[in-house]
Amino acid sequence: MDLFNQISEHEQVVFCNDPKTGLKAIIAIHNTTLGPATGGCRMYPYASFDQALNDALRLSRGMTYKCAAADVDFGGGKTVIIGDPRKDKTPELFRSLGQYIDSLNGRYYTGTDMGTSPEDFVHAMKETNCIVGIPEEYGGSGDSSIPTAQGVIYGIKATNQVLDGSNEIGTKTYAIQGLGKVGFKVAVQLLEEGASLYVSDINSAAVEELKKFGKGIGNEAIKEVEGNDIYGIEADVFVPCALGGIVSDESIERLNVKAVVGSANNQLKEERRHGDALRAKGILYAPDYIVNAGGLIQVSDELYGPSKKRVMDKTKAIYTSLLEIYKTSENHGISTVEAANHFVENRIEARKQRNSFFSHHKRPKWNIKH
Ligand SMILES: NC(=O)C1=CN([C@@H]2O[C@H](COP(=O)(O)OP(=O)(O)OC[C@H]3O[C@@H](n4cnc5c(N)ncnc54)[C@H](O)[C@@H]3O)[C@@H](O)[C@H]2O)C=CC1
Ligand SMILES: O=C(O)CCC(=O)C(=O)O
């Protein structure tokens, strides 16, 4: 019964085991009240089965909240593949995953997350239509990290507005953890606006590339920081764009910033306790699933036919949503996470009256021709 206790909040969890291709994956479907589940696929060399399952469960729950907050007609799901993205990827592995996804009959759509790229899903797409975020040359909307990074920038602007009464981003100092698909783009935009950066990435080539970019535009205010030292950096905003669970008792103790705004999913190790701890320390926290919804906005919009303009217009709403959440938190004396969760849970509860959970017999709203 332990496993059922562990997944008690989830509608369905699928364990995929294909010895022929080496695929070992977990698909977690958290909640489909708002529509079929969606959520990217992460590939990571998890040290244990429990670590992989926990990641899938936490990430898929986060997607339910992210979908409701962004007001898209999807529910929360996520896939994790147990493996090293640098060594274990093959076309057959992703085709095998595609077959498992197809067996869910439209209850779950997936695309990229950490460790996977749009190109990987071109293979999966040969087996199922339930793939989003594929490259533009294959008819998809392309790289979803572009709107995700833009959403983080809107989040930083809204946060600066609350901190200083101005949404200007260029005069500040930022500590960025992770210069991957999202973090690098955020760093580039901040540098272009004249900001100073502290950056850390386990991949030193990414730091070198950013320094090269900075030199090219005449802003060399980039200092590399080793590992966990990024938590102790004195800066205006800490921008986590790598792994989740990094805002913990230990890191909060060290944080020397006015705000935390980044793309990483599930930043708070313990949502409620660490949300409260940040508030108690006077650090403004931008709830991750509000700020990093740009990619979701793009992939869910893809089902209407790609439109970059529509995606960017929808992504702008992150600015106003975040200001609303900051205001609710202030007015009610609660953490920003609690304020965001109340908003989302009320929205899901209201929708339950029309839709208890998604089954493919019901026509999804986004299939309606406009
Ligand atoms: N790509 C997207 O559109 C979205 C991404 N996210 C989240 O944002 C985060 C980043 O995503 P991507 O940029 O797509 O992933 P990515 O895999 O392209 O980049 C992650 C970067 O973090 C670095 N990294 C890993 N561990 C680190 C550590 N301990 N310290 C410093 N750097 C470290 C990696 O070397 C890599 O450069 C993830 O948590 C992801 O779930 C959330 C929403 C959408
Ligand atoms: O739904 C997707 O495929 C991409 C969005 C996602 O996984 C996320 O926002 O974490």
Side-chain angles (χ1 to χ4, degrees), residues 28 30 35-45 55-56 58-67 69-70 72 74-80 85-86 101 108-118 120-121 124 130-134 140-152 155 175-187 198-210 224-231 239-246 251 261-267 288-303 311 315 318:
H30 177 256
T38 191
C41 169
R42 176 171 290 193
M43 186 165 184
Y44 190 76
D55 215 22
R58 266 168 69 95
L59 289 165
S60 55
R61 178 180 183 274
M63 287 307 297
T64 297
Y65 281 67
K66 196 183 305 193
C67 289
V72 299
F74 281 97
K78 206 89 179 185
T79 298
V80 300
R86 285 168 303 183
I101 288 164
Y108 172 64
Y109 286 70
T110 197
T112 64
D113 191 73
M114 263 178 80
T116 60
S117 71
D120 297 328
F121 288 94
C130 297
I131 298 293
V132 288
I134 52 169
S141 55
D143 186 353
S144 60
S145 66
I146 298 170
T148 304
Q150 197 52 43
V152 174
I176 306 181
Q177 183 180 48
L179 293 174
K181 296 190 290 290
V182 180
F184 195 90
K185 295 180 183 75
V186 171
Y198 289 90
V199 296
S200 103
D201 196 301
I202 49 171
N203 172 17
S204 54
V207 178
E208 287 317 308
E209 201 184 328
L210 188 70
E224 183 171 3
V225 179
E226 288 298 321
N228 289 347
D229 288 352
I230 195 80
Y231 302 126
V239 187
C241 294
L243 288 170
I246 39 83
S251 63
V261 189
S263 77
N265 277 310
N266 297 337
Q267 288 164 32
D288 45 17
Y289 66 79
I290 302 289
V291 168
N292 70 15
L296 167 71
I297 290 169
Q298 172 160 307
V299 299
S300 53
D301 188 83
E302 199 172 280
L303 296 164
V311 168
T315 303
I318 289 173

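The first residue in the sequence is number 1, and the count goes up from there. Worth knowing before you read on, the calculation uses all heavy atoms, side chains too, and leaves out hydrogens, waters and symmetry mates. We count ligands from 1, going down the list as the structure has it; atoms in each ligand are counted the same way.
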Novice: Ignoring hydrogens and geometry, is there a side-chain-to-backbone donor-acceptor pair from Q267 to G262 under 3.5 Å?
Specialist: yes
Novice: Donor-acceptor pair, Y65 side chain versus G76 backbone, under 3.5 Å?
Specialist: no
Novice: Which ligand 2 atoms does V132 reach within 4.0 Å, using its non-hydrogen atoms?
Specialist: 3 (O)
Novice: Are Q150 and T315 close enough that a side-chain donor and a side-chain acceptor fall under 3.5 Å?
Specialist: no
Novice: Ignoring hydrogens and geometry, is there a side-chain-to-backbone donor-acceptor pair from Q298 to V311 under 3.5 Å?
Specialist: no
Novice: I need the atoms of ligand 2 closer than 4.0 Å to a non-hydrogen atom of G111, numbered in the order shown.
Specialist: 3 (O)
Novice: Residues two or more places apart in sequence or in another chain: which of them pass salt bridge (charged side-chain N to carboxylate O under 4.0 Å, His left out) with D120?
Specialist: K89
Novice: Does Y289 have any side-chain hydrogen bond (donor to acceptor under 3.5 Å, both in side chains) partners at least two apart in sequence or in another chain, and if so, which?
Specialist: N341
Novice: Applying a heavy-atom cut-off of 4.0 Å, say which part of N265 lies close to ligand 2: side chain, backbone, both or neither.
Specialist: side chain
Novice: Does S144 have a heavy atom less than 4.0 Å from any atom of ligand 2?
Specialist: no
Novice: Taking C-beta and beyond as the side chain, do M114 and N265 meet within less than 4.5 Å on heavy atoms?
Specialist: no
Novice: Please say whether G40 places an N or O atom under 3.5 Å from an N or O atom belonging to ligand 2.
Specialist: yes
Novice: Specify side chain, backbone, both or neither for L59, according to which of its non-hydrogen atoms lie closer than 4.0 Å to ligand 2.
Specialist: neither
Novice: If you define the side chain from C-beta out and look only at heavy atoms, does anything of V299 sit under 4.5 Å from F74?
Specialist: no
Novice: Could you pull out every protein residue that has a heavy atom closer than 4.0 Å to ligand 1, ordered by chain and then number?
Specialist: R42, K66, D113, M114, G115, S144, S145, T148, Q177, G178, L179, G180, K181, V182, S200, D201, I202, N203, C241, A242, S263, A264, N265, N292
Novice: Report yes if some N/O of T110 lies less than 3.5 Å from some N/O of ligand 2; otherwise report no.
Specialist: no
Novice: Please report the interatomic distance CD1(I318) to CG(N292), rounded to the nearest 0.5 Å.
Specialist: 8.0 Å
Novice: Taking only residues two or more places apart in sequence or in another chain, which ones pass salt bridge (charged side-chain N to carboxylate O under 4.0 Å, His left out) with D143?
Specialist: K185
Novice: To check your reading of the model: name the closest protein heavy atom to atom 10 (O) of ligand 2, its residue, and the distance in Å.
Specialist: K78 NZ, 2.6 Å
Novice: Quick one: look up the protein heavy atom nearest atom 8 (C) of ligand 2 and list residue, atom name and how far away it is.
Specialist: K66 NZ, 3.2 Å
